[in-house]
There are 2 protein chains.
Amino acid sequence: MATIKDVAREASVSVATVSRVFNDAAVVREDTAKRIRDVAASLRYAPHNGARSLITSKTSTIGVLLPDLYGEFFSEVIRGIDLTARGSGYHLIISSSHNDKVEIEAAMRAMRGRVDGLLLMSPDIDANSLLNVPASLPVVLLCAPAKGHEVDSVIIQNFRGAREMVGHLISLGHRRIAIIKGALGNYDAAERLRGYHAALREADFMPDGSLECDGGFTEAGGYAATMELLAVKPCPTAIFAANDSMAIGALSALRDLGVRVPENMAVAGFDDIPLARYMDPPLSSVRVPISDLGARAVGMLLHGITHKNEHTRRRERVSTELVVRRSSGAPCDERPPPARRVRKQR
Amino acid sequence: MATIKDVAREASVSVATVSRVFNDAAVVREDTAKRIRDVAASLRYAPHNGARSLITSKTSTIGVLLPDLYGEFFSEVIRGIDLTARGSGYHLIISSSHNDKVEIEAAMRAMRGRVDGLLLMSPDIDANSLLNVPASLPVVLLCAPAKGHEVDSVIIQNFRGAREMVGHLISLGHRRIAIIKGALGNYDAAERLRGYHAALREADFMPDGSLECDGGFTEAGGYAATMELLAVKPCPTAIFAANDSMAIGALSALRDLGVRVPENMAVAGFDDIPLARYMDPPLSSVRVPISDLGARAVGMLLHGITHKNEHTRRRERVSTELVVRRSSGAPCDERPPPARRVRKQR
DNA sequence: GGCCAGAATGTAATCGTTTACATCGAGATG
DNA sequence: CATCTCGATGTAAACGATTACATTCTGGCC
């Protein structure tokens with residue numbers, strides 16, 4: 001493959017001049033510049049970015065470490081990240097399926113010299129892990145607690161969102177509200193559970209462990225958890241799933257069992273993935289501006305990269321919004337029902 | 001940030017020895033190796049991959065150029081790509097939103113020196129564009145015609161799938177079958193249209209231009225197209241959308257118009273994205289093994305990378321499968337239970 | 001024509017690695 | 001004891017660019 005030297009030789013100039021043409025073309029006389037461009041084109045020359053970034057110590061690339069790539073949530077996050085990064089002239093290196101600390105640290109090392117900064121979404125990373133990693137590489141944590149404020153982060157208002165949704169169910173008259181919990185050790189999962197508890201406490205409900213089931217954030221987990229919950233006596237009248245995937249699993253289970261939603265069981269999710277409004281019945285959920293999440297994280301990271309020296313640690317949180325659809329049993333505007341007032345369920 | 005020289009100095013050895021420890025550790029005496037590893041850890045040293053790949057001319061990275069990142073189709077493709085690439089120790093650099101030829105060529109140049117090969121998914125790339133690009137970079141085309149066999153490609157059996165689906169609708173007794181066409185100039189779109197025509201021809205139906213509407217592969221486009229189609233007299237009794245997104249738009253439109261599916265209008269899509277089975281009614285579609293598509297492409301690309309010299313051009317096609325659900329009006333199994341996915345959702 | 005300023009271009013060091021080749025010791029061999 | 005071998009380590013040249021600094025042109029002015 002042609003290098004800058006080949007072009008220089010062929011155009012009878014020095015490499016410096018060729019380099020200048022491809023960077024600050026201004027200083028090169030127009031006729032030489034044109035000659036060089038022609039030669040470059042005929043040789044199909046393109047600058048070698050690896051070499052370039054070695055000397056400039058700038059890769060124009062940011063690394064994205066994710067636990068997984070499956071499902072609408074990640075797809076949306078990445079989209080937000082990509083849009084913002086590209087807007088600022090940055091490329092994206094994406095690396096997924098990092099489950100334990102060891103893998104993540106390995107992946108972070110692997111990013112050394114490839115990226116200018118790192119976006120890290122991982123349930124079980126903590127500040128300590130970051131110490132085992134090439135120093136002075138800006139990092140932003142996604143959906144993870146930035147303990148001790150040592151590192152930037154952007155998180156979802158999980159607590160508030162969950163409390164609000166459970167509050168909504170309570171306001172509809174539900175007294176036995178079950179929760180399908182997210183993956184163990186996951187920050188979002190823990191916070192949503194906390195929000196659930198808070199809402200119950202505020203309504204002076206007795207906590208009831210039998211109404212809390214693990215769902216692992218997966219659709220299958222939601223299905224299984226629902227099967228368990230329906231065996232509990234007295235039966236819950238509402239199920240709050242800590243994400244939409246599990247809520248979808250719950251809807252499947254209820255359908256298989258012949259339980260009508262929302263008449264005999266209210267269901268609500270979290271995230272408001274695009275799929276939610278297409279469910280039957282449409283799923284009430286807590287909207288998270290998912291692609292914003294990614295966009296904000298990139299913004300923060302880019303600031304960290306360009307103002308490396310005096311960039312103060314920051315923590316942003318994206319706010320959530322209650323989205324009421326039919327599955328929770330409240331009247332709603334999705335498909336306007338005939339005049340029907342708020343009706344207590346049982 | 002610490003470099004190999006720092007480590008060498010601190011451990012009182014030469015850079016060569018340090019390098020050897022991080023590569024073929026075998027030749028270094030165990031006690032020196034340990035000393036070096038300790039020093040490296042204390043300095044938080046990690047090898048600079050940019051420099052490394054400059055000299056080895058190997059980046060262990062493949063570039064992925066996509067038109068967009070939105071929607072389940074891309075999400076699945078990327079997942080397949082990521083899984084396979086990671087399995088072979090490759091990283092992914094992803095770049096989306098490339099619409100016209102110029103942008104794509106720019107993006108391809110930008111990949112020079114960053115990647116060992118390129119996965120290119122673009123409706124309007126052709127063999128000629130590839131000539132304007134750094135030579136000898138292996139490329140695999142996704143869902144695009146590899147005219148003249150100059151370049152590897154993997155494509156979907158669009159023609160067969162579409163013909164089969166339209167044949168299915170015909171077998172159900174439909175005689176006026178409309179099509180919502182995909183994006184203009186898009187290869188998949190053209191092939192699916194061709195399959196539609198073939199099926200009609202085989203049934204000796206007269207082609208009717210008024211039954212062909214553009215939908216641009218988007219949900220909104222499908223909605224609009226459906227509105228138009230319902231104004232056609234005599235009205236079609238079935239709509240074949242060239243992808244699921246448009247079919248979903250069609251379902252929305254029909255619901256808004258009060259047309260019952262499948263009783264008064266059969267609807268079918270293409271791709272069988274995860275959402276399809278959740279629609280109301282569940283959407284008949286043509287299943288495409290989307291993540292396989294990505295996986296196969298990576299496999300082909302890796303072969304091209306490792307056997308650069310004598311790698312014969314190849315073209316693979318992934319096969320499709322008819323998936324009959326309620327929306328087409330045929331008797332069919334009830335909704336399948338959720339897939340038992342073990343995969344983590346977040 | 002000689003001089004000079006400023007524009008255009010060239011020279012060479014540098015970025016952080018890898019690796020062919022050179023060197024150095026130490027133990028084995030005759 | 002000289003020599004040979006071989007294992008461990010060091011030296012230095014690449015890789016392909018950028019860029020400070022040096023050098024060479026160019027044309028304007030006296």
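Below, chains carry the letters A, B, ... as their sequence lines are ordered, and counting in each starts from 1.
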Please identify each residue that fulfils side chain to side chain contact (heavy atoms under 4.5 Å, CB included) with [X], with sequence neighbours left out.
{"X": "A:Thr59", "result": "A:Ser53, A:Thr61, A:Asp116"}
{"X": "B:Ser57", "result": "none"}
{"X": "B:Ala33", "result": "B:Val21, B:Val28, B:Glu30, B:Arg37"}
{"X": "B:Asp82", "result": "A:Leu69, A:Ser96, A:Ser97, B:Arg86, B:Leu92"}

The reported gap from CD1 in B:Ile36 to OG1 in B:Thr32 (rounded to nearest 0.5 angstrom) is 6.0 Å

From CG of A:Asp31 across to P of C:dA7 the rounded distance in Å is 16 Å

Got a sec, which residues hit side-chain hydrogen bond (donor to acceptor under 3.5 Å, both in side chains) with [X], two or more places apart in sequence or on another chain?
{"X": "B:Arg29", "result": "B:Asp31"}
{"X": "B:Asp188", "result": "B:Asn158"}
{"X": "A:Tyr90", "result": "A:Lys58"}

Between protein and nucleotides 18-23 of chain C, what N or O pairs are separated by less than 3.5 Å?
residue: C:dT18; atom: OP1; partner: B:Asn23; partner atom: OD1; Å: 3.4
residue: C:dT18; atom: OP1; partner: B:Asn23; partner atom: ND2; Å: 3.0
residue: C:dT18; atom: OP1; partner: B:Arg52; partner atom: NE; Å: 3.4
residue: C:dT18; atom: OP2; partner: B:Ser19; partner atom: OG; Å: 2.4
residue: C:dT18; atom: OP2; partner: B:Asn23; partner atom: ND2; Å: 3.4

Axis-to-axis angle across the helix from C:dG1-D:dC30 to C:dG30-D:dC1, five pairs each end, nearest 10 degrees, ~ 70°

*With sequence neighbours left out, write down each residue that passes salt bridge (charged side-chain N to carboxylate O under 4.0 Å, His left out) with B:Arg20, or none if nothing qualifies.*
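Per chain and number, B:Arg20 pairs via salt bridge (charged side-chain N to carboxylate O under 4.0 Å, His left out) with no residue.
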
Outer limits of DNA chain D sitting under 4.0 Å from a non-hydrogen atom of chain A, read 5' to 3', are D:dG16 to D:dT19

So the ring pair (Phe, Tyr, Trp, His ring centres under 6.0 Å) pairs with at least one residue in residues 295-318 of chain B (sequence neighbours excluded) are B:His303-B:His307, B:His303-B:His311

